[in-house]
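Working notes for the structure below.
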Protein chains: 2
Amino acid sequence: MARKTGSHSDITGPKIRAAAERLFARHGYAAVSMRQIAAEVGVQAGALYLYTPDKQSLLAGLMRDHLEALIASWKTQTPASHPHDRLRQFVRFHIGYHIDRPDAVFIAYMELRNLEPDRFAEIEALRRSYEAELEAILRDGQAAGVFELADPRLASMALIAMLTGVTNWYREGGRLSRAEVEELYADMALKSVGRVA
Amino acid sequence: MARKTGSHSDITGPKIRAAAERLFARHGYAAVSMRQIAAEVGVQAGALYLYTPDKQSLLAGLMRDHLEALIASWKTQTPASHPHDRLRQFVRFHIGYHIDRPDAVFIAYMELRNLEPDRFAEIEALRRSYEAELEAILRDGQAAGVFELADPRLASMALIAMLTGVTNWYREGGRLSRAEVEELYADMALKSVGRVA
DNA sequence: GTCTATACCCTGATAGAC
DNA sequence: GTCTATCAGGGTATAGAC
C-alpha cells in the first residue's frame, strides 16, 4: 500500500505547477485560491508553501519557465538563410510552440498586471527579447531588399499579435490541421511584409 | 455649499461604471473589490448596490455597452464600395475606436472567463457579430477577385488579433501618430490578403 | 513532507437608520 | 441616496504535531 504521507517532493512540485498553470489560465490568477490548487494536487493548502514562498512567486515562476523555454527552443532551430524562409520558419515555430501550450501562453501574456514591478520588469524583458528575434528577421529582410517595411518595430508587434491570436480559436481536431494553420498564417505574414504587387 | 448626502443617481451611476472599468482593466475583475470601486467613486460599498444587483452584472454591463457601441458605431459608417477601400475603412475604424478605449477593449476580451454561461454566451455573440463584419468584407473581396484568401474565417481571426493588438503598445504622444499607425496597419492588412506579386 | 489548526484580514452582499 | 454596521464565508500564510 502507498503511504498516506511521505516524501514526494520530486513529483509534488511539478504537480503544483501544472495545477496552478491550468487553473490560472482557466480562471485567472486572482480568482484562484491556494486552497483550490492544493485540492487539485491532493494536498493541504499549507503544503504548497514548501514549494513556493508565496502565490505570486508561483505565478512568476510559471511565466519565467515558459518564456525561457520558448526562447531556448527557438535558438535550437538552424536559421534558414533567406529572409523569406527565415520568417516562414519563425511563423511555423511560433504557432506550433504556442498551440501546444495554450495555458502557459495565456498566463504569460495576460497575468503580467498581477506582478510586482521587479518581477514585471524581469518577465517583460524576456518577452521583449523574444520579440526582438522577429524584429531582427524583419530588419534583415528589409536590408536585403526582400521585405518592404515602413516600420519594422510596428510590423513585429503586429505579426506577433496576429500569430499569438491563434491560441484563442485553434482547437485540436478542428476544421484545419496544425500544418494548415501554420502555412496559412505564414502566407499572410509573408505577404504582409512583402512588396506591393 | 454642496450637501454631503443627497440625490446623485444621475452622476453616481456613470462614475461607478467608469471607476469599475479602469480598475478591472488595470488589476483584473477578480482582483478588484467592491470596496475599492466605492472608494474610487467616493461612496461606501453598500451604495454600489443601488446601481448594480451584483459585481458580475457590473462587469457584464461594461462589456455589453462596449460591444454594442462598437457595433453601432461601425454601422454608422458609409460603406466604401470597393473591397480594398472597405477593408482599409474597417482597419482605420477598428484601430481608431480601440485606441481610444483601451480599458473597455481589454475587459471585453480578457474577462470573458469571469462570466457565467448565460452572460458569456450573450457577450460572445456580440463579439462574433462584430467579427462577422470583417469576415463579410473579406468574402466580398474574395468573390470580387480582389483578395486572395485560402480561408476567410482564419484570415478574419488573424486580422482582428493583429489590429486589436495595437492597444498593447500604442501610447498617445509616442513615436508614431494615430494616423500613421492606422495607415501602417491598413497597408499590412491589405497586403496580407492581396494577391501574391 | 504533509497534516491540522488557526491567525488575521478581506470579500460580496444585506439591513436598517437617517 | 447614502451611511454605518454587520454577517458568513473564504483569502494567504504560518505554527507546530507527526
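Chain naming here is simple, since letters A, B, ... match the order of the sequence lines and numbering starts at 1 in each.
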Any donor-acceptor N/O pair, A/Glu180 side chain to A/Ser177 backbone, under 3.5 Å: yes
Where along residues 52-61 of chain A does a heavy atom come under 4.0 Å from DNA chain D, residue by residue in number order? A/Asp54, A/Lys55
B/Leu23 backbone acceptor or donor facing B/His27 side chain under 3.5 Å: no
Picking from C/dC3, D/dT4, C/dT2, the nucleotide nearest the side-chain atoms of A/Tyr51 would be C/dT2
Quick check against the 3.5 Å criterion: does B/Glu148 have a side-chain atom that pairs as donor or acceptor with the backbone of B/Gly194? no
Step-by-step ring pair (Phe, Tyr, Trp, His ring centres under 6.0 Å) determination, B/Phe93 to B/Trp74: CA-CA 7 Å; B/Phe93 167 80; B/Trp74 167 244; 5.3 Å; yes
Quick one: do B/Glu182 and B/Arg88 make a salt bridge, cutoff under 4.0 Å? no
Selection: residues 18-40 of chain A, any non-hydrogen atom under 4.0 Å of DNA chain C: none
Phosphate oxygens OP1/OP2 of C/dG1: is one of them under 4.0 Å from a side-chain N or O of A/Thr12? no
Could you give the CD-to-P distance, from B/Gln44 to C/dA15, as a whole number of Å? 18 Å
Between B/Phe106 and B/His66, is the ring centroid distance below 6.0 Å? no
Roughly how many Å is it from NZ in A/Lys15 to P in C/dG1, rounded to a whole number? 15 Å
Under 6.0 Å from the ring centre and within 45 degrees of the ring axis: does the NZ or CZ of A/Lys55 meet both conditions for the six-membered ring of A/Tyr29? yes
What is the separation between atom CG on B/Leu48 and atom P on C/dG12, rounded to the nearest whole Å? 10 Å
Between A/Phe90 and A/Tyr97, does a ring pair (Phe, Tyr, Trp, His ring centres under 6.0 Å) hold up when you go through it step by step? CA-CA 10 Å; A/Phe90 182 87; A/Tyr97 196 93; over 10 Å; no
Which nucleotide sits closest to the side chain of B/Tyr49: C/dT2, C/dA13, D/dT2? C/dA13
